[in-house]
Protein chains: 2
Amino acid sequence: MDSRVTKARTRRSEAQARAASPDGYAHPFVTVDVVILTLRDGRLQVLLMRRGAEPFRGKWALPGGYIHPEDDGDLDMAARRILREKAGIETPYIEQLRGFGNARRDPRGWTATFAYFALIASDELVLKEGANAEEVAWWEVEGRRVKPVLAFDHAEILASAVARLRSKVEYTSLPVHLLPAKFTLPDLQQVYEQILGRRIDKSAFRKRMAEADFLEPVAGERRHASNRPAQIYRIKHGLATIFFDRTI
Amino acid sequence: MDSRVTKARTRRSEAQARAASPDGYAHPFVTVDVVILTLRDGRLQVLLMRRGAEPFRGKWALPGGYIHPEDDGDLDMAARRILREKAGIETPYIEQLRGFGNARRDPRGWTATFAYFALIASDELVLKEGANAEEVAWWEVEGRRVKPVLAFDHAEILASAVARLRSKVEYTSLPVHLLPAKFTLPDLQQVYEQILGRRIDKSAFRKRMAEADFLEPVAGERRHASNRPAQIYRIKHGLATIFFDRTI
DNA sequence: CCAATAGTGTCTTTCAGACATTATAAC
DNA sequence: GTTATAATGTCTGAAAGACACTATTGG
């Protein structure tokens, strides 16, 4: 058994010194990465950071980091902390995407990551324009990718996140999290149409939202032009994501 | 094996002799656990193993283990290896469930696991009836749980797996993986009904399967009694899980 | 013949999508 | 009044579900 430890350590000696698992094998590092999506100017955008350290120094990457056992109660809280620290975002919608792990994604050796998927309203964006302002930016998502070449396997993680968003738009209330707390039904329909990439019949859309029963009207109105103002809605308190009976 | 137990205990008593991550924080251990489900005697059952080491010695647990960076190309391959080594199962349907990680699930400290979800046909079961035959067993799933108290947070992982199965049965071809390679449509309908817990109209069920277009008839017939024999089908070669347009 | 289950056809009700109409604002 | 968009109503074709009917075997 000890020979197994020796063998593993020797092969890895040039990379980094890692602890052996209780069964004697080398132990891969694990991280948490977050795909933060928003709608700005009617376009789906993702938050990326430029790496200041090797590997992939200078390349754009998803915000991510190591788990802090002392601070993070669980994986979700680690993801929220990363969102807070790296992007200054406090109250997003967040869900776990899935794990990615293999020997190739990091040149230093076998690593794994728990990828998360967050949606925020563009009015919640308070990007820290501080010391490293140039290193954080929103990039437009074109198809399932962005223009720059991403570090690690982050292009694959991004594609996976966008696929999940597009999929869930069809049958859940997820897109409300891309809007501010108060919005109109035409606003919401526009978000669905933007992500789906097709027009939706107004009547059918409203029927679906009404029977899903997750919105409540609030006093006040919104007026953009000389026409009838739209009713303002917000999500009913305490409701999780709603799954529709049928697709949009 | 006993030395391994001893070593694990020693480690634990030293309160976390773990490598520090590159950012200086302690680095949590990560494992892969697999929820293996099958239908036996018309009942949903899960494969459990009795733990021979601390923590939770003597308790039933999901098959799982550490990643072997030298052997496992990626997370999926690690899960398949565990399935092969611990349950002797070679060619199952397998998909990632999600990650579970927090400070409470393991008394030794902060750990995380990539949970997997596998479906196998009961005729593929070749449980190794060897030295530790008493330590591997199928347990009937009642609701989302099993009778014994499980180690770690494995009850939560099991519940999550059963929920995903029940959910996916509604709109995918997943249940075919609970049947042998060749089966009849009445067989398949029975599986759907068993997992859904309700009857399905024969005509509607066949329409759905026909338009999903993932089955092909093979020569031969199956006869259980003095009645009309049923056509035998198998999955069309190279097809992944089919998502139905509508729910069952 | 009968019993039992496989497999197909028909009918009715429901509902999604298309489209029309009314409502309410500014000017 | 006109214009523009919000909001609701109506109509029609498609299809899902309920149910009936036919097919094929053993006894």
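Quantities reported herein were computed from a predicted structural model and do not represent experimental measurements. In what follows, chains are A, B, ... by sequence order, proteins preceding strands, each numbered from 1.
Here the C1' atom of nucleotide dT5(C) and the CZ atom of F205(B) are 16 Å apart, to the nearest Å. When rounded to the nearest whole Å, the span between CZ of F244(A) and P of dC15(C) equals 17 Å. Between the P atom of dA15(D) and the CZ atom of R208(B) lies a distance of 12 Å, rounded to the nearest Å. The distance between atom CD of Q189(B) and atom P of dT8(C), rounded to the nearest whole Å, is 13 Å. Put simply, CD on E211(B) is 15 Å from P on dA14(D), counting in whole angstrom units. For E170(B) and dA16(D), the CD to P distance is 15 Å, given to the nearest whole Å. Put simply, CD on E193(A) is 14 Å from C1' on dG17(C), counting in whole angstrom units. Taking atom CG of L215(B) as the reference point, atom C1' of dA6(C) lies 16 Å away to the nearest angstrom.
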Produce a footprint string for nucleotides 2-12 of chain D: one letter per nucleotide, 5' end first; B if the base is under 4.0 Å from any protein heavy atom, S if only the sugar-phosphate is, - if neither.
-BBBBBBB---
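Under the rule for a side chain to side chain donor-acceptor pair (under 3.5 Å), the partners of E95(B) that lie at least two apart in sequence or sit in another chain are Y93(B), R164(B), K168(B). Looking at residues two or more places apart in sequence or on another chain, you find a side chain to side chain donor-acceptor pair (under 3.5 Å) between D76(B) and Y116(B). Among residues two or more places apart in sequence or in another chain, the side chain to side chain donor-acceptor pair (under 3.5 Å) test is passed with T31(B) by T113(B). Among residues two or more places apart in sequence or in another chain, the side chain to side chain donor-acceptor pair (under 3.5 Å) test is passed with T184(A) by D187(A). For D153(A), the side-chain contact (heavy atoms from CB on, under 4.5 Å) partners are F100(A), R105(A), E156(A), I157(A), not counting sequence neighbours.
Ion pairing of R208(B) with E211(B) is present here, as a side-chain N (NZ or NE/NH1/NH2) and a carboxylate O approach within less than 4.0 Å.
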